[in-house]
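What follows is a short report on a single structure.
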Amino acid sequence: MKKSLSGLALVLCAHFAAPLSFASPFSESYAAYQQALAGQDKAQVALTAAKAYELGQGYFESDSIDLVNLELNLATALQDSGETQAAHEHFNNVIQVYRKHFGRDAIELVDPLIGAAQTMPASREKVDLFKQAIAIAEDADKPLLLAEVKMLTFHGLASTHFYTREIRDEALEAYEIYRQEMPADAMARLKATYYVGMIKAAEKKYDKAVPLLEEVIKQFSVLDFSHPYKLAAHARLVEIYEAEGESDKSTQHCVAIGSMKPWSDEQEQAPLYREAPKYPISYARDRREGWTQMSFTVDEQGFVRDPVVLASEGGQQFTRESLKAIKRWRYAPKFVDGKPVPAEVSVQLEYKVN
């Protein structure tokens with residue numbers, strides 16, 4: 001006869017540790033899953049989760065909560081290993097069983113709802129799954145859970161055509177929760193601060209973006225390594241200050257980025273801020289195309305100095321506009337032995353009629 005255990009799948013190991021009736025192929029497979037989970041080997045986690053779920057079907061009743069918890073483990077493992085379609089099917093199965101066991105608005109549904117949303121293409125159904133998870137989290141009176149679900153919703157829809165002001169507001173509301181509930185250096189709060197800063201910058205609300213991005217830099221400055229969010233915050237501040245015509249303020253961020261990079265002689269410098277050259281009106285009218293190749297020095301503060309035209313094609317106006325534009329670009333200065341040094345850079349600007 002199949003057995004049933006109470007409790008969530010993640011606490012079953014306390015029972016399986018006992019060497020009595022639980023010494024079975026299933027308990028061994030579950031122990032292997034836990035070991036793979038601890039080792040953070042995604043492929044092995046997926047294999048062992050699948051084995052535990054397969055053997056669990058012969059051990060537990062078909063409608064037991066223990067079996068569906070094993071399926072949730074499998075769905076999560078498949079998602080982490082990139083097998084999204086299979087993961088989505090399992091998440092949907094978990095949702096159906098959880099609703100029967102716990103009700104339609106139970107907090108247990110948050111994880112599978114989010115998982116199902118994350119493992120499907122952009123669609124109205126995807127939006128609805130995220131909204132269901134938000135509604136449940138709101139009713140649960142758990143602020144940090146609500147903030148996490150809102151941020152996951154923002155990330156899940158931000159790069160889709162379902163991104164709306166409402167979705168944007170989920171990130172802003174999550175940030176406010178984290179600001180009230182967590183210390184300034186908490187990672188979840190810092191991530192939310194970074195994304196809200198990026199949102200405000202994209203909306204050209206620079207007065208709100210700047211303090212948020214500066215806060216990210218301040219908090220990550222205590223780390224003994226260069227966090228990607230810190231690097232990106234510096235880069236965005238360069239863009240903001242240059243767009244506002246405040247090159248003196250962007251300089252410290254150019255230098256900061258330069259000091260963070262592991263420079264090598266083979267590494268090419270990429271601009272942090274660039275302005276596209278103006279397409280000469282008469283050339284555009286004649287559908288004339290061309291290019292200009294230039295070399296210049298990036299000085300110790302990331303400014304472009306002494307640009308020289310190496311070669312060009314299409315006309316002198318292309319050359320003239322290229323020289324005007326390149327002088328407004330900003331770079332991270334190259335560092336050698338911990339100090340910024342001038343470096344030679346070359347670029348080619350192309351002019352094409354769409």
Side-chain angles (χ1 to χ4, degrees), residues 158-161 163 197-204 206 209 213 226 228-229 231-336 340-354:
S159 59
T160 75
H161 63 279
Y163 182 69
M198 288 299 196
I199 289 170
K200 295 300 183 182
E203 296 173 348
K204 300 190 183 302
Y206 297 146
L213 297 174
S226 298
Y229 286 174
L231 180 64
H234 277 303
R236 198 69 177 94
L237 285 167
V238 171
E239 294 178 7
I240 290 173
Y241 286 132
E242 289 295 334
E244 293 285 277
E246 298 183 277
S247 293
D248 56 327
K249 292 184 178 180
S250 72
T251 295
Q252 62 174 306
H253 299 289
C254 291
V255 174
I257 292 171
S259 67
M260 294 165 70
K261 288 191 173 186
W263 290 105
S264 68
D265 291 338
E266 296 77 26
Q267 182 172 328
E268 293 186 6
Q269 287 173 273
L272 299 172
Y273 174 80
R274 71 180 80 191
E275 287 189 13
K278 294 180 180 179
Y279 210 116
I281 295 175
S282 61
Y283 284 13
R285 188 185 306 119
D286 296 338
R287 303 188 66 79
R288 187 189 295 191
E289 298 183 341
W291 51 267
T292 301
Q293 189 178 84
M294 296 168 288
S295 69
F296 49 86
T297 300
V298 172
D299 71 11
E300 296 91 335
Q301 295 183 317
F303 286 100
V304 171
R305 303 297 186 194
D306 306 320
V308 174
V309 175
L310 301 176
S312 65
E313 185 176 288
Q316 285 300 313
Q317 290 190 51
F318 284 150
T319 301
R320 186 162 50 250
E321 292 300 333
S322 296
L323 286 170
K324 284 182 183 178
I326 204 69
K327 291 176 183 178
R328 294 191 291 269
W329 288 22
R330 294 301 301 272
Y331 285 79
K334 188 169 185 176
F335 270 63
V336 175
V341 298
E344 294 301 312
V345 177
S346 61
V347 299
Q348 179 168 305
L349 301 185
E350 299 196 6
Y351 297 80
K352 293 184 178 296
V353 179
N354 293 325

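We're numbering straight along the sequence, starting at 1.
- A 4.5 Å side-chain heavy-atom check between L323 and M294 finds at least one atom pair inside the cut-off.
- Annotation: side chain of S322 is not in contact with side chain of V309 (no heavy-atom distance under 4.5 Å).
- Here the side chains of I326 and T292 are not in contact, with every heavy-atom distance at 4.5 Å or above.
- The side-chain contact (heavy atoms from CB on, under 4.5 Å) test applied to A243 returns Y206, not counting sequence neighbours.
- Between C254 and R330, the closest heavy-atom pair is SG-NH2, 3.7 Å.
- For R274, the side chain to side chain donor-acceptor pair (under 3.5 Å) criterion is met by no residue, not counting sequence neighbours.
- Partners of A284 by side-chain contact (heavy atoms from CB on, under 4.5 Å), not counting sequence neighbours, listed by chain and number: Y279.
- For E242 and S247, the side-chain atoms include at least one donor-acceptor pair closer than 3.5 Å.
- Proximity of the aromatic rings of Y351 and Y283 is defined here by a centroid distance below 6.0 angstrom, and this criterion is not met.
- Counting only residues at least two apart or on different chains, the ring-ring contact (aromatic ring centres under 6.0 Å, His included) pairs with a member in residues 287-309 are F296-Y331.
- Among all heavy-atom pairs drawn from A209 and G197, the shortest one is CB-O, 3.5 Å.
- For Y273, there are no ring-ring contact (aromatic ring centres under 6.0 Å, His included) partners at least two apart in sequence or on another chain.
- The shortest non-hydrogen separation linking L213 to M198 is CD2-N, 4.3 Å.
- S295 pairs by the side chain to side chain donor-acceptor pair (under 3.5 Å) definition with nothing, not counting sequence neighbours.
- For H234, the ring-ring contact (aromatic ring centres under 6.0 Å, His included) partners are H253, not counting sequence neighbours.
- K249 meets the side chain to side chain donor-acceptor pair (under 3.5 Å) test with E246; sequence neighbours excluded.
- Under the side chain to side chain donor-acceptor pair (under 3.5 Å) criterion, R320 pairs with no residue, sequence neighbours left out.
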L310 and Q348: CA distance, side-chain angles, deciding distance, side-chain contact (heavy atoms from CB on, under 4.5 Å) verdict: CA-CA 9 Å; L310 301 176; Q348 179 168 305; over 6 Å; no
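- Here E203 pairs with R168, K205 under the salt bridge (Lys or Arg N to Asp or Glu O under 4.0 Å) rule; sequence neighbours left out.
- Listed by first and then second residue, the salt bridge (charged side-chain N to carboxylate O under 4.0 Å, His left out) pairs that reach into residues 288-301 are D299-R305, sequence neighbours excluded.
- Here R285 pairs with I281, S282 under the side-chain contact (heavy atoms from CB on, under 4.5 Å) rule; sequence neighbours left out.
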